[in-house]
Amino acid sequence: MNSLTENNNNKAFYPLLEGSIVIPGDVIGEAENIKSGSGTTIVDKKIIATTFGILHYGRERKLVWVEPIKQIKLPRKNDLVIGEVISSGSTIASIKTWFIIKKDKNSNRVIFIQLEKPFSANLHISQLGIRTEALSKVIKIGDVILAKVIMNHTLPLNIAINNNLLGIVAARCSSCGAPLIKKQGLYCEVCNRKEIRKISSLYDYEKFMTLIKTYKPKRYLVMELE
Ligand SMILES: [Zn+2]
């Protein structure tokens, strides 16, 4: 084994990238040529994470350490959350929130942390940022939504989608169930028709449906949000 500062070697022995999320017990890499910093320990010549957090490498990859992530008990005002629409009526939609989004200061990544348990949230028609006669015309059951928490200490949470970033990020056609694609609004290629939603500028069916369906059982993941 040569210098760990070479990329190829780093890939071989340190598959975890700067900014990866680790949980206690995760194998970070071989303990040769790199020091085990805070939040890690050495077991059988391997560096193992002892903390739930974000992985960082020191200068020239001589050191590896884990910055702890605090357990999130309850989303707070201004936190961004991702959830599924459970019901949608004329003035209120009910959402089950699964993830909270945090920005990692050191790497340029957005971290989706699964909430300890999913929280219910209410979205009122006054928090849409657009006018509509009924909330159910622009938010539908099964939609995946990116929203902002607007009040501290309320349950259900109170959320808003009143800017371009916020709104529906993944949706299916309400008549055939096919994924809707973004094309001057949302469009079903099977039915050849438009569907109305209050969409987010980040709308991406694959990305967000994968997040919800595949990663929901996991505790967290890291994604790039361009
Ligand atoms: Zn359709």
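This chain uses plain numbering: 1 for the first residue, then up along the sequence. Remember, it's 1-based here, ligands and their atoms both numbered in the order they're listed.
For residues 155-174, no pair satisfies salt bridge (Lys or Arg N to Asp or Glu O under 4.0 Å), with sequence neighbours left out. Pairs engaging residues 134-154 under the side-chain hydrogen bond (donor to acceptor under 3.5 Å, both in side chains) rule: Glu133-Lys137, Asp143-Arg197, Thr154-Asn158 [sequence neighbours left out].
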Side chains of residues 175-190: which donor-acceptor partners sit under 3.5 Å, not counting sequence neighbours?
from   : atom 1 : to     : atom 2 : distance (Å)
Ser175 : OG     : Arg193 : NH2    : 3.4
Lys182 : NZ     : Ser201 : O      : 3.2
Tyr187 : OH     : Asn192 : OD1    : 3.2

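One finds a salt bridge joining Glu30 and Lys46 here, because a Lys/Arg side-chain nitrogen approaches an Asp/Glu carboxylate oxygen to under 4.0 Å.
Contact annotation: the side chain of Ser88 approaches that of Leu135 to within less than 4.5 Å [non-hydrogen atoms, C-beta and beyond].
No donor-acceptor pair under 3.5 Å is formed between the side chain of Gln127 and the backbone N or O of Asn162.
Distances shorter than 2.8 Å separate the Zn ion (ligand 1) from the protein N/O/S atoms Cys173 SG, Cys176 SG, Cys188 SG, Cys191 SG.
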